[in-house]
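Throughout, a chain's letter reflects where its sequence line sits, starting with A, and its residues are numbered from 1. What's counted below: heavy atoms across the whole structure, side chains too, no hydrogens, waters or symmetry copies.
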Protein chains: 2
Amino acid sequence: MLHLPDAPDQRLPLYQRLKDAFAGRIAQGEWRPGAAIPPEGELAAEYGVALGTVRKAIEGLVQEGLIDRRQGRGTFVRKADFTNALFRFFRHTQDGQPMRPTGRLLARRTGKAGTRAGQALGLSADAQVLWLTRLRLVAGEPLVVDDIALPLPAFAVLADVPPADFGGLLYPLYERAAAQMVARAREHIAFARADAVTAKRLGIGEGEPVIAIERIAFGYDGAALEWRLSYGSAERFSYDIEIR
Amino acid sequence: MLHLPDAPDQRLPLYQRLKDAFAGRIAQGEWRPGAAIPPEGELAAEYGVALGTVRKAIEGLVQEGLIDRRQGRGTFVRKADFTNALFRFFRHTQDGQPMRPTGRLLARRTGKAGTRAGQALGLSADAQVLWLTRLRLVAGEPLVVDDIALPLPAFAVLADVPPADFGGLLYPLYERAAAQMVARAREHIAFARADAVTAKRLGIGEGEPVIAIERIAFGYDGAALEWRLSYGSAERFSYDIEIR
DNA sequence: CAGTGGTCTAGACCACGGG
DNA sequence: CCGTGGTCTAGACCACTGG
């Protein structure tokens, strides 16, 4: 029978400590994304708690989007899928059909994080990071340009990956090449005007309205893994939200 | 002992039917916003189910934002509070302090809904609605202008309410004057450019960038109560979001 | 102090998915 | 068919709130 870590406040509800223990096993890579975790009954026996308590802990993780449950099949560590994360904000349809974007790496270098990216990543402004500049296109038209900062040495291997590998989604690449898994992200959206460089990349005029999206992506352990600043033409901006 | 409605599919889980029954009592006005609902044990006895089933039903309603629970106090029907709903999107601070906006009614008339508002409200384009145009200001500066459509005859009394009453929040006014309660809303956000009328109202130049927010507000029974289209200067647009 | 929701347990049976 | 998660029950005790 396993024991819960001692560190967590003993006054915390049992199901909370259990939830944290489960999250830890995911963060440590013991339970891998896409794979099933042990059945409820087994976990209950392992930790010596009631089934209902395990269920409540698991429910919490489902709530947080860390895992999925499927009746009759099992409970699975969720593979974060940001396929359409940025494109929730920008129209990218043609003839009513959503188009899959392609990516092109414009630049890649190692350098200082600077204050903005450094603070977001929990690093000093002088810390070395890997900088990527990427353009994403739909049907040959530029849609969004990203400046991305990745901490070193965790992402060092990406400095040697062929540029062609950056054509698709980046997060699967992070996982494949650098063993870094993104669990969630936070974004800030604001209006801006294109500077000369951004305008040229997007194929619009300098000073034209753009939407700026600043994103910080976090791993399963809560650490910041990636900072990015994206620009897209304001004309294509579109977003839906439910409020209560 | 109360009975669950017969109509809902008997194959639905008990806690689901129970949840619907509770939602119905809120929609019918039997359980009023701000008031406490009966304690769990009482509900369990009334319906002849276990306490855990009642808890699960209530949890679902909490999830949906219809009610709030507070340990030691009770379970309360949530009063929808959209105090800052629009202002989550626009900066309205001065010296770092958030400012409370004031409202001014610019126009009020009865007329056809038109296709856009009509469709949103589930009415024909020819249906009569009450149209409001309202300007919201912060520190004397125009921030947002709203065009609002309200179905008739439900909101007829608002045609005779003194314009000064539209200075604050509208939803409490709807509740007070027309007995219409807003439970939730859906919004669509997009970029646009100010037409002559909007520009003048916002005190900006024609063709200047604006953010357009289209909102449909729903009552506790799920019916559309209000359609509104708001414009604010894009320069002040700012929004945060968590994604996973 | 009494009453409320919050936690935890133990166990029965159902519904779904895949071999 | 078996193993999984899903539903439901019954009851004990804890923790918070307000008078």
Taking salt bridge (Lys or Arg N to Asp or Glu O under 4.0 Å) as the definition, give me every residue that meets it alongside [X], ordered by chain and number, with sequence neighbours left out.
X        : value
B:Glu141 : none
A:Glu30  : A:Arg25
A:Arg116 : A:Glu214

- Task: Answer whether the closest heavy-atom distance between the side chains of A:Leu158 and A:Leu173 falls below 4.5 Å.
- Result: yes

- Message: Just to be sure I understand the geometry, which residues of residues 31-44 of chain A put a non-hydrogen atom under 4.0 Å away from DNA chain C?
- Response: none

Rounded to whole angstrom units, what separation is found between the [atom1] atom of [X] and the [atom2] atom of [N]?
X       : N      : atom1 : atom2 : result
A:Glu59 : C:dT7  : CD    : C1'   : 14 Å
B:Tyr47 : D:dT7  : OH    : C1'   : 19 Å
A:Gln16 : D:dA15 : CD    : C1'   : 15 Å
A:Lys19 : C:dT7  : NZ    : P     : 12 Å
A:Asp68 : D:dG5  : CG    : C1'   : 13 Å
B:Ile67 : C:dT4  : CD1   : P     : 16 Å
A:Leu14 : D:dA15 : CG    : P     : 13 Å
A:Leu18 : C:dC8  : CG    : P     : 9 Å

Restricting to nitrogen or oxygen on both sides, can you table the protein-nucleotides 12-18 of chain C pairs closer than 3.5 Å?
residue, atom, partner, partner atom, Å
C:dA15, N3, A:Gln71, OE1, 3.4
C:dC16, O4', A:Gln71, OE1, 2.8
C:dG18, OP1, A:Arg73, NE, 3.4

- Give one of base, sugar-phosphate or nothing for A:Arg70, where a contact means two heavy atoms less than 4.0 Å apart. sugar-phosphate

Is the phosphate of [N] approached by [X] (side-chain N or O, under 4.0 Å from OP1 or OP2)?
X       : N     : result
A:Arg69 : D:dG6 : yes
A:Lys56 : C:dT7 : yes
A:Thr75 : D:dT4 : no
A:Thr53 : C:dT9 : yes

- Would you indicate which nucleotide in C:dC8, D:dG5, D:dT9 comes nearest to any side-chain atom of A:Arg55? D:dG5

- Between B:Phe22 and B:Tyr47, how do the two ring planes meet: parallel, tilted or perpendicular, split at 30° and 60°? perpendicular

- Task: On the 0 to 90° scale, with breaks at 30° and 60°, tag the B:Tyr239-A:Tyr239 ring pair as parallel, tilted or perpendicular.
- Result: tilted

- Got more than 12 heavy atoms from elsewhere within 6.0 Å of CD, B:Glu59? yes

- Check B:Lys19, B:Arg184, B:Arg78 against B:Glu64 for a salt bridge (charged side-chain N to carboxylate O under 4.0 Å, His left out) and give me the one that passes. B:Lys19

- Message: Can you list everything that forms a side-chain contact (heavy atoms from CB on, under 4.5 Å) with B:Ala224? Sequence neighbours excluded, please.
- Response: B:Leu121, B:Ile216, B:Phe218

- Query: Taking the nucleotide of DNA chain C with the closest heavy atom to each, which residue, B:Gly74 or A:Gly52, is nearer the 5' end?
  - Reply: B:Gly74

- Compare every heavy atom of B:Trp227 with every heavy atom of B:Ala120, then report the nearest pair and how far apart it is. CB-CD1, 3.2 Å

